[in-house]
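Predicted, not measured: the structure shown is a model, and the values here were computed from it. Values reported hereafter were calculated over all heavy atoms of this structure, with side chains retained and with hydrogens, waters and symmetry mates removed. Convention: sequence-line order gives letters A, B, ...; per-chain numbering from 1.
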Amino acid sequence: MPDAAPLPPDFYHRDVVDVARDLIGCLLMRQSRSGRTVGRIVETEAYLASGDPACHAARGMTRRNRVMFGAPGKAYVYSIHTRFCLNAVSQAKGEPAAVLIRAVEPLEGIDLMAQRRRTDRMLDLARGPGRLCEAFQIDRRLDDFPLTRGTRLWIAPPDEPISSTDITVSSRIGIRLAQDLPLRFFLDGSPFVSGPRRWHRRPIDHRRLHQRNRHTG
DNA sequence: CTACCGATTGACT
DNA sequence: GTCAATCGGTAGA
């Protein structure tokens, strides 16, 4: 595969929902000392600058989410449950919005991904945001890194055209708040997509409700 | 400092 | 389908 040029800053300088949809089919590129890995983005989620309580920026700037408040086109990498998640900061400076890259189809550097993930199963290499980051050796050192340079970590346009009719929307995965917003996009029919393949509503978490009720009396 | 919690994953029924 | 290990981030005393 030839070197693929990165998407320009203007690509990210648009409504975050448009960016999330248009990232489906794009190529996630990672060049590290140990080699190159490439994957086709098959699943994303948008996190909105306003009206979205599930967005990390919903309750103001902190040390963790500060990158979201900056210029579009940068990586926002955060840790959760000992894993990392990769986002592309989008929309506009001062409007903290981002696209979570949830899954890619491994295309190049599959052996390297398998080594990092300690599994040979193709479907376990980069299906899910935490697995993806492990396969691509992405951690908080890449927080605030520009995705528009074509070095270390970048995103390139699709290698083959994606029809908008092949992209499905659903609710987002793994969040407690704002579960009903249609902000998850995925490539219809791809086995490399994580989670449900159609619209769903997550079940009520009774354990958490109980804890919450007990705590608030 | 403590307490709580999660944009997850892997193991298990 | 269910469940919890695990730890950095966050808020608050």
### Task
Please assess A:Arg184 against A:Val193 for the test side chain to side chain contact (heavy atoms under 4.5 Å, CB included), listing each intermediate value before the final yes or no.
CA-CA 11 Å; A:Arg184 171 175 175 248; A:Val193 170; 3.5 Å; yes
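Salt-bridge check for A:Glu134 with A:Arg117: passed, with a basic side-chain N closer than 4.0 Å to an acidic carboxylate O.
A cation-pi arrangement is absent between A:Arg40 and A:Phe192 under the rule of less than 6.0 angstrom and at most 45 degrees off the ring axis. Cation-pi check for A:Arg141 over A:Phe84 is not met; the charged atom does not lie both under 6.0 angstrom from the ring centroid and within 45 degrees of its normal.
For residues 125-146 of chain A, proximity to DNA chain C is found at A:Arg140, defined as any non-hydrogen atom under 4.0 angstrom from a strand atom. Applying a 4.0 Å cut-off to non-hydrogen atoms, the residues of residues 74-105 of chain A that approach DNA chain C are A:Ser79, A:His81, A:Thr82, listed by residue number.
Rounded to whole Å, atom C1' of B:dA7 lies 13 Å from atom CG of A:Leu48. When rounded to the nearest whole Å, the span between NE2 of A:His56 and C1' of C:dA11 equals 15 Å. Rounded to an integer number of Å, the gap from CE of A:Met68 to P of C:dT10 is 12 Å. Whole-Å rounding puts the A:Asn65 CG to C:dG8 P distance at 18 Å. Atoms CZ (A:Arg172) and P (B:dT8) sit 11 Å apart, rounded to a whole Å. When the P atom of C:dG9 is taken as reference, atom CZ of A:Arg59 falls 16 Å away, rounded to whole Å. Rounded to a whole Å, the CD atom of A:Glu45 is 7 Å from the P atom of B:dT8. Rounded to whole angstrom, the span from the CD1 atom of A:Ile173 across to the P atom of B:dA7 amounts to 13 Å.
Atom CG of A:Leu177 and atom SG of A:Cys55 lie 11.5 Å apart (nearest 0.5 Å).
The only member of A:Ile155, A:Ile101, A:Thr44 that meets side chain to side chain contact (heavy atoms under 4.5 Å, CB included) when paired with A:Cys26 is A:Ile155. When each of A:Val104, A:Leu86, A:Leu153 is tested with A:Phe136 by the rule side chain to side chain contact (heavy atoms under 4.5 Å, CB included), just one qualifies, namely A:Val104.
A:Pro8 places none of its side-chain heavy atoms less than 4.5 Å from the side chain of A:Thr148. The shortest side-chain heavy-atom distance between A:Arg83 and A:Cys133 does not fall under the 4.5 Å cut-off.
Between A:Thr62 and the phosphate of C:dT10, there is a side-chain N or O to OP1/OP2 separation shorter than 4.0 Å. Between A:Arg63 and C:dT10 there is no side-chain polar atom (N or O) within less than 4.0 angstrom of OP1 or OP2.
Nearest heavy-atom pair across A:Asp124 and A:Arg131 is O-CD, 3.8 Å.
Counting only Watson-Crick and G-U wobble pairs whose two key distances fall under 3.5 Å, DNA chain B forms stems of three or more stacked pairs at B:1-6 with C:7-12, B:8-12 with C:1-5.
A:Arg184 comes within 4.0 angstrom of no nucleic acid atom, judged by non-hydrogen atoms across all strands.
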